[in-house]
Amino acid sequence: MSAKTINELMAYEGNLREIYYSAWNYFLPPEFYFDKRTRRPPKSNINALISFGNSLTYSICLSEIYRTQLSPVISFLHEPSERRFSLSLDLAEIFKPILVDRSIFYLVNKRLINKSSFSDEAGIYMLNESGKRIFLEEFERRLNQTVNLPSGKKVSVQKAIRLEAYKLIKHFLGIKEYQPFVMS
């Protein structure tokens, strides 16, 4: 597979994410059956978890971008727009599997999050206050976990997000070719 444009690359990413999500039912209990990804509004418990976790990840990425010289509205994958911080969407793509997906699998399979963790109003699912608190605790734990960088240095996932932003700066300035974060 070789993409010649950003739109082609994003289409590949979307198709791969669909395949990835289709495998989730092998790892989730039946009461969390995952039919398809729906947003605005989330139409299942799993979609509510993904949306909540993704919004947290976007916020963390935006916070880390603000600690650098980068502009959060200028991105390289997602379409820039006046009303969204598209660079945080770009950075979040790298870290959502580590922060969001792993939190979901852990919480659901350990039965820490269950059907009572949600409100369902006319087919729109949202985490209730108790569910949000449980998810936030796990998300925070994962954000503070240490990961090994290729240099051998250990840093928190949150610090790795900021370091990823610094790598983008070096790439944009022509100092060093960008090598994406790989968790080891």
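Below, all heavy atoms of this structure are taken into account, side chains as well, without hydrogens, waters or symmetry copies.
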| query | Taking the six-membered ring where the residue is Trp, are the ring centres of Phe27 and Trp24 under 6.0 Å apart? | reply | no

| task | Salt-bridge test for Glu129 and Arg133: reply yes if a basic N is under 4.0 Å from a carboxylate O, no otherwise. | result | no

| What is the distance from atom OG1 of Thr68 to atom CD1 of Ile169, rounded to the nearest 0.5 Å? | 4.0 Å

| said: For Ser156 versus Leu143, what's the shortest heavy-atom pair and its separation? | reply: CB-O, 3.8 Å

| task | State, with a plain yes or no, whether a side-chain heavy atom of Arg142 is found less than 4.5 Å away from one of Ile98. | result | no

| query | If you count the non-hydrogen atoms of other residues, nucleotides and ligands that lie under 6.0 Å from CD in Glu177, is the total more than 12? | reply | no

| said: Less than 4.5 Å apart, side chain to side chain, heavy atoms only: is that true for Leu127 and Ile113? | reply: yes

| task | Check whether any side-chain heavy atom of Pro29 sits under 4.5 Å from a side-chain heavy atom of Arg111, and report yes or no. | result | yes

| query | Between the side chain of Thr57 and the main-chain N/O of Gly53, is any donor-acceptor distance below 3.5 Å? | reply | yes

| field | N/O donor-acceptor pair under 3.5 Å between Lys167 side chain and Gln179 backbone | value | yes

| message | I'd like to know if the side chain of Asn47 reaches the main chain of Lys43, judged simply by a donor and an acceptor atom lying under 3.5 Å from each other, with no hydrogens or angles considered. | response | no

| request: Any chance you could measure Tyr58, atom OH, to Glu93, atom CD, to the nearest 0.5 Å? | output: 6.0 Å

| query | Do Phe135 and Leu49 come within less than 4.5 Å of each other through their side chains, counting heavy atoms only? | reply | yes

| said: Do Phe32 and Ile104 make a side-chain contact, defined as non-hydrogen atoms from C-beta onward lying under 4.5 Å apart? | reply: no

| query | In Å and rounded to the nearest 0.5 Å, what is the OG to CG distance from Ser119 to Asn45? | reply | 9.5 Å

| task | May I ask whether Val108 and Tyr125 are part of the same hydrophobic cluster, defined by side-chain heavy atoms of I, L, V, M, F, W, Y residues being less than 4.5 angstrom apart, directly or through others? | result | no

| message | I want to check something: taking the side chain as every heavy atom from C-beta on, are Leu99 and Ile161 in contact at a cut-off of under 4.5 Å? | response | yes

| task | Could you tell me the separation between the CG atom of Leu168 and the CG atom of Leu91, rounded to the nearest 0.5 Å? | result | 5.5 Å

| When rounded to the nearest 0.5 angstrom, what is the spacing between CZ in Phe139 and CG in Asn144? | 10.0 Å

| request: Rounded to the nearest 0.5 Å, what's the gap from CD on Glu164 to SG on Cys61? Could you check? | output: 9.5 Å

| message | Looking at every heavy atom in both Asn128 and Phe118, which two are closest together, and how far apart are they? | response | ND2-N, 3.5 Å

| Can you tell if the side chain of Val100 reaches within under 4.5 Å of the side chain of Phe52, non-hydrogen atoms only? | no

| message | For a side-chain contact (heavy atoms from CB on, under 4.5 Å) check, start with the C-alpha distance between Ile50 and Tyr21, then their side-chain angles and the critical distance, and finish with the verdict. | response | CA-CA 11 Å; Ile50 294 169; Tyr21 282 148; 3.7 Å; yes

| said: Tell me whether Arg162 forms a cation-pi arrangement with Tyr166, defined as NZ or CZ under 6.0 Å from the six-membered ring centre and within 45 degrees of its axis. | reply: no

| query | Heavy atoms, side chains only, cut-off 4.5 Å: are Tyr33 and Asn25 in contact? | reply | yes

